[in-house]
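Note that the coordinates shown come from a computational prediction; the quantities given were computed from them, not determined experimentally.
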Amino acid sequence: MVNRFSATAVPSSGTNARYEVFALRYATMRNRQPHQNFMFPDPHETASDLDYFIWVIRGEGRVILVDTGFGEVSAKERSRTLTIDPVDALRRFGIDPLAIEDIVVTHLHYDHAGSLDSFPNARFHIQDREVAYATGRCMCHHALRHPFSVNDVTALVRHVYGGRVVFHDGDDELAPGISLHLIGGHSNGLQVVRVETARGPVVLASDAAHFYDNFLKENPFPIVSNVGEMCEGWRELKRLAGGTDRIIPGHDPLVAELYPAVSGDVDAFMLHERPRRPIAP
């Protein structure tokens, strides 16, 4: 295990493993106001969109899914519009959900942990802290439980009893060249995924940063369990990635503009390729 936010060097896999990493977009929320995306909104900013993604890591004989998105039930409950069900997006991408053996759940918010029962042969990798948080006393408070779905959380608990959940206590290696890192902040046990690619380590930040501007302008997303951990987490993202151009935020539509699209009938983007332009000056 690696201590969180240590001053040691960026972790090395000690292997030549290299992976392809893809972002699959399955929904978009239109015209979100600045106060919905930033704790300190700029009155000069205009409305923007928010994209929803799941991520696929492929290579070295492995296919690993990062997060499972949300399905029709949560879409109706929260007045969201699906472009495509995430499970169908995987099929369109050429991945059989029945064949997936490892899924990283970055955190248990509804838009990252839905449809767990659609992957009957998978192990779910999650942080101790996240499960304790999502099933503990903090969920007595509406403001803190609102991003969670009780159906998703109880599905995860059922899989614990079914022997299909792998708990991680802090930073850990999932496979050669793929590591998990506890960040917290947005949700108490949020973890990010660092993946070795041909262009260097790519960090799937999930909701450690919804948008590039959350960490570039140090302006937190307003749904947060611990502001201090969120801010410290941005430093950790940069340390793990070795540069802002290899940090992939969880919901920024710029991802689709910056990275080349996969050809064919699928809304997917190649994160192992270099972005078309610099992320920041």
Side-chain angles (χ1 to χ4, degrees), residues 23-39 41 46-55 65-92 97 103-119 124 126 130-131 133-136 138-159 184-191 204-211 213-214 220-226 230 248-256 267:
L24 277 61
R25 181 168 55 184
Y26 66 91
T28 297
M29 181 185 291
R30 305 291 183 185
N31 297 319
R32 285 175 61 94
Q33 298 303 309
H35 72 273
Q36 295 177 288
N37 298 332
F38 301 99
M39 188 173 289
T46 58
S48 62
D49 294 344
L50 181 146
D51 281 349
Y52 295 89
F53 298 96
I54 57 176
W55 301 272
L65 178 63
V66 178
D67 288 343
T68 55
F70 64 86
E72 289 288 352
V73 172
S74 286
K76 291 177 181 177
E77 289 177 348
R78 296 175 184 263
S79 300
R80 306 290 189 258
T81 301
L82 285 171
T83 305
I84 184 173
D85 187 286
V87 178
D88 292 332
L90 285 168
R91 292 192 182 101
R92 187 174 293 182
I103 297 176
V104 177
V105 180
T106 62
H107 60 302
L108 283 168
H109 286 178
Y110 81 96
D111 54 326
H112 294 261
S115 304
L116 297 182
D117 291 339
S118 296
F119 305 91
F124 301 100
I126 196 164
E130 183 65 6
V131 178
Y133 180 60
T135 59
C138 286
M139 296 301 101
C140 296
H141 305 288
H142 174 76
L144 296 176
R145 71 172 179 261
H146 177 69
F148 295 90
S149 163
V150 66
N151 293 326
D152 298 338
V153 174
T154 53
L156 189 280
V157 172
R158 285 196 302 272
H159 293 313
H186 173 66
S187 187
N188 189 261
L190 182 142
Q191 61 184 345
L204 300 176
S206 183
D207 289 0
H210 281 62
F211 298 91
D213 277 352
N214 289 133
F221 192 80
I223 297 176
V224 57
S225 70
N226 187 305
M230 179 177 281
I248 310 300
H251 292 273
D252 201 324
L254 275 177
V255 170
D267 199 13

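Formation of a donor-acceptor pair under 3.5 Å by the Thr106 side chain with backbone atoms of Gln191 is not found in this model. Checking side-chain atoms of Arg145 against main-chain N and O of Cys140 turns up a donor-acceptor pair under 3.5 Å. Looking at His186, its side chain does come within 3.5 Å of a backbone N or O of Ile223 through a donor-acceptor pair. Without hydrogens or angle criteria, Asn214 side chain to His210 main chain gives a donor-acceptor distance under 3.5 Å.
In this structure Arg92 satisfies the salt bridge (Lys or Arg N to Asp or Glu O under 4.0 Å) test together with Asp265, sequence neighbours excluded. For Arg32, the side chain to side chain contact (heavy atoms under 4.5 Å, CB included) criterion is met by Met29, Gln36, Asn37, Leu50, Phe221, not counting sequence neighbours. Contacts of His141 classified as side chain to side chain contact (heavy atoms under 4.5 Å, CB included), with partners at least two apart in sequence or in another chain: Leu144. With sequence neighbours excluded, the residues satisfying side chain to side chain contact (heavy atoms under 4.5 Å, CB included) with Thr154 are Val150, Arg158. Among residues two or more places apart in sequence or in another chain, the side-chain hydrogen bond (donor to acceptor under 3.5 Å, both in side chains) test is passed with Arg78 by none. Thr28 pairs by the side-chain hydrogen bond (donor to acceptor under 3.5 Å, both in side chains) definition with Asp51, not counting sequence neighbours.
Side-chain contact between Asp111 and Arg80 is absent, with no heavy atoms from C-beta onward closer than 4.5 Å. Considering only heavy atoms from C-beta on, Phe70 stays 4.5 Å or farther from Glu77 through its side chain. A heavy-atom distance below 4.5 Å is found between the side chains of Thr135 and Val157.
The CG atom of Leu90 sits 6.0 Å away from the CG atom of Leu24 when rounded to the nearest 0.5 Å. Considering CZ of Phe53 and CG of Asp67, their distance stands at 12.5 Å, rounded to 0.5 Å. Separating the OH atom in Tyr52 from the CG atom in Leu82 is a distance of 10.0 Å, to the nearest 0.5 Å. The structure places OG1 of Thr46 at 8.5 Å from CD of Gln33, a figure rounded to the nearest 0.5 Å. Put simply, CG on Leu156 and OG on Ser149 are 11.5 Å apart, with the number rounded to the nearest 0.5 Å.
The two residues Phe119 and Ile103 make their nearest non-hydrogen contact at CG-CD1, 3.5 Å. The minimum heavy-atom distance between Ser206 and Trp55, with the atom names listed, is CA-CH2, 4.2 Å. Shown here for Asp85 and Val87, the closest heavy-atom pair between the two residues is OD1-N, 2.8 Å. Here the shortest heavy-atom pairing between Thr83 and Ala27 reads OG1-CA, 3.7 Å. Contact record, Arg91 with Pro97: CG-CD, 3.7 Å, taken as the closest heavy-atom pair. The minimum heavy-atom distance between Pro86 and Gly69, with the atom names listed, is CG-CA, 4.1 Å.
Ring geometry for His142 versus His146: interplanar angle of 30 to 60°, hence tilted.
At a cut-off of 3.5 Å, with distance as the only test, no side-chain donor of Asp152 or His112 sits close to an acceptor on the other residue. Using a 3.5 Å distance cut-off with no hydrogens or angles, the side chains of Asp207 and His109 do not pair a donor with an acceptor.
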